[in-house]
Amino acid sequence: MMKWSTSLRMMLCTVLAASMIAVGFGSDRVDVAEAASDHYKFDFGAGAVANGYTGVSASTAYTAARGYGFNTPANMKNVSASGSGVASDAVQFLKFGTKSDNTFNVDLPNGLYEVKVTLGNTARASVAAEGVYQIMNMTGNGATDQFQIPVTDGQLNLLVTEGKAGTAFTLSALEIRKLSNQPVTNRTIYIGGDSTVCNYYPLGSSVQGGWGQLLPNYVNNTTFQVRNMATSGQIARGFRDDGQMEAILKYIKPGDYFILQLGINDTNAKNNTTEAQFKEIMRDMVRQAKNKGATVILSTPQGRATDFNSANVHQAENRWYNASTRALAQEEGVTLVDLNKLSSAYFTSIGPAATLALYMNGDSLHPNRQGASQLARIVAADLKRQGLNSF
């Protein structure tokens, strides 16, 4: 049975009473949206509705009269969740995929919106909207994140989808807030990369970190938002062909930046990518982003914590197809952040023990939160040195 909060019932009654000449409930829905001050809050699942939220169960079908609901409720399921409040229950998406029609739909006036999602009990899941990825690989029960999205057709279509095969993809809560009547994203720094770059959850307190996750701390956030589309284990071919680059190309525009760092996993024999193939796939992505008018930045990955020689000098220059990334930046006339060399200089300055302390325990490749913050600082400082604005 569909859940209704007391606040929404009272608001609907007020609108209905004031609409004596309305031609039906559907026309009143517009007034409800206006009364909500462009802020919409949904609590998913079969349990109690949190104060100030509209309750939505798995069986709530979208209708134009209602203005929200699931496109195919038969493919939804009410489930419990281990959090509190809005995170105490959720809905599970039984059909998923970025192109799936099993979406939660909300009628919205055209404009720019900020969307905040709270997942239910989920090992790893991504969020898609308008047929492309929006957030990559959220992990842990009750994980939260947000993104900006332009609405141009009067409706937001959102679902939770694959992050890890065989796990449940669930949604506990959704908040939608209008930012502007203009359906254009703020200036954006898009980031592509792998596990040394990607987000870890909770975003504000994770032990492990990717430098893309910490980069917002070094960016002028009044000018730029950061959209980190990096994922663990990613290779150049996968980033280009499996949906992440598609999502960036849907929204990227003149004035935006695209930072791309790959190569670590491409060098693994199991991924069957030669250095020549890697370079041409990277070139294809560089050119696609340039054709959208964006500023493209290539970055080389940092080395391992243990890449010190007998003189305690850190050096990892020949790792991860770095030579091809450096050459490609020169050939395509794009900015290069040689994070590999820059981080090596920093690691040499602090020494082997302090460098090891910036990585996860027992792991010489993946930085912890402190290490990721230092890498993000180095990236931002080098971009500022090269004259890029807002760093």
Side-chain angles (χ1 to χ4, degrees), residues 2-5 8 11-12 15 19 22-44 53-76 90-91 93-119 125-135 145-161 169-186 227 243 246-251 253:
M2 184 174 61
K3 306 189 298 179
W4 292 88
S5 68
L8 183 65
M11 183 166 59
L12 289 175
V15 172
S19 304
V23 295
F25 186 73
S27 61
D28 292 337
R29 177 58 191 167
V30 177
D31 293 330
V32 171
E34 292 298 326
S37 301
D38 298 323
H39 193 182
Y40 310 78
K41 301 170 71 175
F42 298 98
D43 179 359
F44 296 92
Y53 284 76
T54 299
V56 182
S57 76
S59 62
T60 304
Y62 170 81
T63 65
R66 182 178 289 124
Y68 65 88
F70 292 104
N71 196 47
T72 53
N75 295 317
M76 300 302 303
V91 291
F93 291 79
L94 304 179
K95 181 182 176 185
F96 40 84
T98 58
K99 310 304 180 188
S100 173
D101 63 356
N102 188 35
T103 54
F104 179 68
N105 303 334
V106 185
D107 291 340
L108 299 171
N110 289 350
L112 178 65
Y113 291 84
E114 179 182 81
V115 178
K116 179 181 178 180
V117 295
T118 301
L119 302 188
S126 296
V127 176
E130 309 309 307
V132 297
Y133 287 118
Q134 302 291 338
I135 304 174
D145 205 344
Q146 61 191 37
F147 60 94
Q148 283 186 12
I149 188 167
V151 173
T152 59
D153 62 358
Q155 189 177 82
L156 175 69
N157 312 106
L158 179 143
L159 78 161
V160 182
T161 186
F169 309 126
T170 62
L171 178 63
S172 278
L174 180 67
E175 292 188 44
I176 305 168
R177 183 169 63 91
K178 193 172 187 179
L179 301 177
S180 170
N181 290 325
Q182 301 301 317
V184 179
T185 54
N186 294 345
R227 293 290 296 274
E246 176 192 19
I248 291 171
L249 291 173
K250 183 178 177 71
Y251 300 112
K253 61 190 181 303

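Numbering starts at 1 and runs along the sequence shown. Fair warning: this is a prediction, and the values are worked out from it, not measured in the lab.
- Between Y251 atom OH and L249 atom CG the span is 12.0 Å, to the nearest 0.5 Å.
- Side-chain contact check for L108 versus I176: some heavy-atom pair is nearer than 4.5 Å.
- Exactly one of N105, V106, V127 qualifies for a side-chain contact (heavy atoms from CB on, under 4.5 Å) with L158. That residue is V127.
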For this session: Evaluate the criterion side-chain contact (heavy atoms from CB on, under 4.5 Å) for residue pair T98 and V132; output intermediate values, then yes/no.
Result: CA-CA 5 Å; T98 58; V132 297; 5.8 Å; no
For this session: Quick one: do L171 and V117 satisfy side-chain contact (heavy atoms from CB on, under 4.5 Å)? Show the steps, please.
Result: CA-CA 7 Å; L171 178 63; V117 295; 4.3 Å; yes
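- Put simply, the side chain of T152 reaches to within 4.5 Å of the side chain of P183, judged on heavy atoms.
- Within the model, atoms OH of Y62 and CG of N157 stand 9.0 Å from one another, a figure rounded to the nearest 0.5 Å.
- Residues forming a side-chain hydrogen bond (donor to acceptor under 3.5 Å, both in side chains) with N110 (at least two apart in sequence, or on another chain): none.
- Remark: E246 engages K99 in a salt bridge, criterion side-chain N to carboxylate O under 4.0 Å.
- For F42 and Y68, the distance between ring centers is under 6.0 angstrom.
- Legend: residues meeting side chain to side chain contact (heavy atoms under 4.5 Å, CB included) with A125, ordered by chain and number and at least two apart, are L119, T122, V160, F169.
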Exercise. Going through the checks in order, is the side-chain hydrogen bond (donor to acceptor under 3.5 Å, both in side chains) test met by Y113 and D38?
Worked result: CA-CA 9 Å; Y113 291 84; D38 298 323; 5.3 Å; no
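- Counting heavy atoms from C-beta on, the side chains of K116 and D145 never come closer than 4.5 Å.
- Every salt bridge (charged side-chain N to carboxylate O under 4.0 Å, His left out) that K253 has, sequence neighbours left out, goes to D256.
- The line from OG1 of T161 to CD of Q134 is 12.5 Å long, rounded to the nearest 0.5 Å.
- Contact detail for V91 and S57: the closest heavy-atom pair is CG1-C, 4.2 Å.
- No side-chain heavy atom of Q146 sits under 4.5 Å from any side-chain heavy atom of I135.
- The closest side-chain heavy-atom distance from N71 to F104 is not below 4.5 Å.
- Every side chain to side chain contact (heavy atoms under 4.5 Å, CB included) that N102 has, sequence neighbours left out, goes to T72, N75, M76, F93, K95, S100.
- Side chains of V115 and E175 form no contact here, defined as non-hydrogen atoms less than 4.5 Å apart.
- With sequence neighbours left out, N181 forms a side-chain hydrogen bond (donor to acceptor under 3.5 Å, both in side chains) with K178.
- With sequence neighbours excluded, the residues forming a side chain to side chain contact (heavy atoms under 4.5 Å, CB included) with L179 are L112, E114, Q148, R177, listed by chain and number.
- Minimum heavy-atom separation, Y133 to A247: O-CB, 3.3 Å.
- The side-chain heavy atoms of S172 and F44, taken from C-beta on, include no pair separated by under 4.5 Å.
- Put simply, CG on L156 and CD on E130 are 5.5 Å apart, with the number rounded to the nearest 0.5 Å.
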